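Comments concern the structure below.
Every value quoted in this text rests on a predicted model; they were computed, and no experiment measured them. Labels below follow one simple rule: chain letters A, B, ... track the order of the sequence lines, proteins then strands, and each chain is numbered from 1.
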Amino acid sequence: MLSKIFKFNGGVHPPENKLESTGRPIQKLGIPDQLVLPLRQHIGNLPKLRVQAGDHVLKGQLLAEAEGTISAAVHAPTSGTIVSIEEQLIPHPSGLPDVSITLKTDGQDQWLPHQAIDWQQLAPADLAKSLRESGIVGLGGAAFPTQVKLRPASGPGLKYLIVNGAECEPYITCDDLLMRERADEIVKGIEIAQHLLKAENCIVGIEDNKPEAERAMREACAKSSLKITVAVVPTLYPSGDARRLTALVTGIEVPSGKRSTDVGVQVFNVATLLSVYRYLTFGETTTSRIVTVTGNVRNPGNYEVLLGTPVEFLLEAAGGALSDTNGLIMGGPMMGFQLPAAKVPVIKATNCIIASAPRLFPEPPPAMPCIRCARCADACPVSLQPQELYWFSRAKNLEKARDYQLFDCIECGCCSYVCPSDIPLVQYYRFAKSEIIAQDKAKEAANLARERNEFRLSRIEREKQERAAKHAQKAAGAKADAAPADDAKKAAIQAAMARAQAQKTEVTPQNTENLSPKVQAEIAEADARRAEAEGASAVDAANQEQQEG
Amino acid sequence: MDRSPYVTESPSVSVIMLKVMLALVPGIVAYVWMFGSGVLISLALASVTALVAEAAMLKVRSRPVMPFLLDGSAMVTAWLLALALPPLAPWWLIVVGTLFAIVVAKQLYGGLGYNPFNPAMVGYAVLLISFPVLMTQWPAPLAIAGAKLSFMDQWNYIFNRVLPGGIGLDAISSATPLDTLKTQLRLQHSMESITSAPLFGQFGGKGGEVVAGAYLLGGLYMWQQRIITWHIPVAFLGALALMSGVAHVVNPEHYAGPLFHLFSGASMLCAFFIATDPISGPTTPRGKLIFAAAIGVLTWLVRVYGGYPDGVAFAVLLLNICVPLIDANTQPRVFGHPK
Ligand code: SF4
Ligand code: SF4
């Protein structure tokens, strides 16, 4: 079954370095003494804790539940006792610590009783709730909560369900091996997703450098009653980026600032769908994932690792890092980041650990000025003008940078990869994006403060009026005491109120009665905007989601 | 700590500049073969001047000297200027032009990457305006020259302005075919009689067309090495050919044909080496097409109607001014934005 493959601008083809880690099948790693489970292993809200230090938990037991719309639950990867809940170093580019649960394992690996979920019969609302408890996030790297993307379709279904097996970053092979070894389970996951989303077409995208995986997937798809197309895309980084893959296999460009579902497309990573299958068919929550360990290690390979396993434990299993290792990279060499320490845990987003060495990743030479050669523009998969963005970011001309669509940049690094002047372009863009977001927030905060102040002034004014009215009432009451005539009293009160009312309209010409709810609505709106911005950190939520798949 | 991507593939700026120089070698060889070895002296003179001036300016501007000297950009400017100047010009002319290119047009604007004008063309234009007579003394093609000068004779002429006894200036020099064509047409000579003179070759000037062909070869090498894209050469040569072609069809007696224009003067040098300077040119594909086509049209206009025999330098400089405007108005559509 040959399907038409479309194109996107640019892209690069760095040395793949995948063979190192594909020589052996996936190996199961043992249980370390301790697991560290950051509460936030996904994009979105911090989940709510459901356990406390001292609790004994079983494998698969809920530790923290999803909070708010975009969030994911955390479960115990094995049985043991919770020793602490405190800030720990986590694998994050910021290098900052975050709240994490430390679990002392008991070696029993005892499951919480669990059972299949009758997903074919379950009402959509119950199924959505159940998926929300699954803790599944996109395993391709961006860790977007899958429950948000798998909400059962109520109206017409999707046009395209795209399954991302492209795995375009050099060095990483966990999806490759997963497809080779567990294609049947992945296909079952595709069938479930197709059923939930009522997708018309299912397409699996695989880069042409993974013929074994392609063959395995084709065989598994042939067994399915569903028509699933396996599309082989050229090996060209970043074909695994969800929006690029969508363009490659369907010719559809997801509009900037929109979600892929707006154009009837949803993209899932192969490993994510496998997790969905295991969860719905056996009731198993995600307790482990496949991690590629490669680079400067003795025995590179792929390991099935319990979430929370310290990276150093994993490295030991791979024969240990060689002596000239100068760092650990999580992710691939194009978009990965340096881990703050070897003891940080494997989390749901950890697809690859590369031990780096000067031999593999030499320090770049000092940057030269931009010579406007436009190689970066030729390589940019988003058709941006990286040299202009660089210029604007450097000159802090942030408005211009935004005009030139800085926020469409996916930070893929293709531009830096080809730059003859070795300019750290991506770092400039990250800086400019965070500056712009900070400025927007400051502006928003200033508006909010101004509105709050107006609100406060109007409240003070209103209280003054009310006091005046009360005062008048009291005075009228006293008078009424002298001449106890109910009618007179009422008339006096009304007169005082009318005076007060007249005065009020004079002093504050605005319609103060309407101001308060309006301001409140705006405050609420601003809060919502901020919460959204925070949830999506540096890039907007739609952009984050696109890496996921 | 955060420095992704951890891998890069690109050739450095130095390698790119080195390849540009390599691409010029066929042209230089053809030049020596057709017009004598004088050009080697001007190349050397310009190179030394450029390197010294660049180093001195970097020192004055307290920039690191070695990385910028080694980037090779000063050498490329020097070579392009030397190849654009008449090789028998006095030594100081080359030195002054190079100094102007490096010190004023490049370093005073901020050095590599910051010059809005093509430095070599600035040097050339300044000389053309200040010393117009010296700039027209071109060596005659060896095939038709009245006398041949040894390397030492040329050296002596360039540095001391003395020719061996018995040889006059007109025996070794001549006007260029472009120049000749223009003046002769003004004198109402017929196109046929003009171009059948020995100065003219198959389709360009004698000798000059060979050098132009060699530049074309070097340009193709640069394209193959992905140092330049096709846009600028194709648009420039296409526009030049179109203008001259239409005029030639309308009035062949008065307008030379496209082949003559493509293989005369600095056409090929401009198409592949001068207009393609990335720093002073546009970056968008459409921008490159507009930029180069405009240079082609202007070049033809100056050649046919202007006061100078060739128009490349002025056309390039004029379009350099328009680059920000061109870039701003030719931004490609960003992925996911409306068509
Ligand atoms: S690749 Fe580098 S030197 Fe070339 S235009 Fe882009 S930023 Fe400038
Ligand atoms: S990092 Fe941004 S600007 Fe650079 S190539 Fe990728 S998308 Fe384009």
At under 4.5 Å between heavy atoms, what parts of residues 10-21 of chain A are in contact with chain B? List them by residue number. none

Between A:V382, A:V254, A:D422, who has the most heavy-atom pairs with chain B when the cutoff is under 4.5 Å? A:V382

Separation of A:E388 CD from B:D327 CG (nearest 0.5 Å): 5.5 Å

Please flag which part of A:P255 lies under 4.5 Å from any non-hydrogen atom of chain B: side chain, backbone, both or neither. both

Go through B:Y6 and A:Q338 one step at a time and tell me if the side-chain contact (heavy atoms from CB on, under 4.5 Å) criterion holds. CA-CA 10 Å; B:Y6 291 82; A:Q338 190 93 30; 3.7 Å; yes

Chain A heavy atoms under 4.5 Å from B:L112: which part of the residue, side chain, backbone, both or neither? both

Please look at A:M334 and chain B and tell me whether the side chain, the backbone, both or neither of the residue comes under 4.5 angstrom of a heavy atom of that chain. both

Got a second to check how far A:I371's CD1 is from B:M17's CE, nearest 0.5 Å? 5.0 Å

Would the number of heavy atoms belonging to other residues, nucleotides or ligands and lying under 6.0 Å from OH of B:Y221 be above 12? yes

Structural part of B:P282 lying under 4.5 Å from a heavy atom of chain A: backbone

Just by distance, with hydrogens left out, do A:R430 and B:S4 show a side-chain donor and acceptor under 3.5 Å apart? yes

Taking the six-membered ring of B:F335 as reference, does the cationic atom of A:R244 (NZ for Lys, CZ for Arg) lie under 6.0 Å from its centre and within 45° of its axis? yes

Taking all non-hydrogen atoms of both residues, which atom of A:M368 and which atom of B:P67 are closest, and how far apart? CE-O, 3.9 Å

When you measure from the side chain of B:R3 to the backbone of A:P364, do you find a donor-acceptor pair of N or O atoms at a distance under 3.5 Å? no

With chain A, which of B:E9, B:K288, B:R333, B:R226 has the greatest number of heavy-atom pairs at distances under 4.5 Å? B:E9

Answer with side chain, backbone, both or neither: which region of A:E363 has an atom nearer than 4.5 Å to a non-hydrogen atom of chain B? both

I'd like to know if B:D277 pairs up with A:R372 as an ion pair, taking the criterion as any Lys NZ or Arg NE/NH1/NH2 lying under 4.0 Å from an Asp or Glu carboxylate oxygen. no

In terms of heavy-atom pairs under 4.5 Å, which option from A:P424, A:P420, A:P366 contacts chain B the most? A:P420

How long is the gap from OG1 on B:T330 to CD on A:Q385, to the nearest 0.5 Å? 7.5 Å

What residue, out of A:N9, A:I329, A:L360, has the most heavy-atom pairs lying under 4.5 Å from chain B? A:I329

Which region of B:T229, side chain (C-beta onward) or backbone (N, CA, C, O), has a non-hydrogen atom less than 4.5 Å from a non-hydrogen atom of chain A, or is it both or neither? side chain

Identify the two heavy atoms, one from B:P278 and one from A:C373, that lie closest to each other, and give their separation to 0.1 Å. CB-CA, 3.8 Å

Taking all non-hydrogen atoms of both residues, which atom of A:S416 and which atom of B:T8 are closest, and how far apart? O-CG2, 3.8 Å

Max heavy-atom pair count under 4.5 Å with chain B, selected residue of A:G336, A:C414, A:A377: A:G336

By a 4.5 Å heavy-atom criterion (distance strictly below it), what part of A:V418 contacts chain B: side chain, backbone, both, or neither? both

Could you check whether atom CZ of B:F100 has more than 12 heavy atoms from other residues, nucleotides or ligands sitting under 6.0 Å from it? no

Which atoms of A:D378 come close to chain B, meaning under 4.5 Å heavy atom to heavy atom: side chain ones, backbone ones, both, or neither? side chain

Which atoms of A:P362 are under 4.5 Å from chain B, going by heavy atoms: the side chain, the backbone, both sets, or neither? backbone

Heavy-atom pairs under 4.5 Å with chain B - which of A:A374, A:P333, A:C380 has more of them than the others? A:P333

By a 4.5 Å heavy-atom criterion (distance strictly below it), what part of A:I354 contacts chain B: side chain, backbone, both, or neither? neither

Would you indicate whether the side-chain heavy atoms of A:E253 and B:V334 approach each other to under 4.5 Å? no

When rounded to the nearest 0.5 Å, the distance separating OG of A:S421 from CG of B:D71 is 8.5 Å

If you compare all heavy atoms of B:A328 against all heavy atoms of A:Y404, which two are closest, and at what distance to 0.1 Å? CA-OH, 3.9 Å

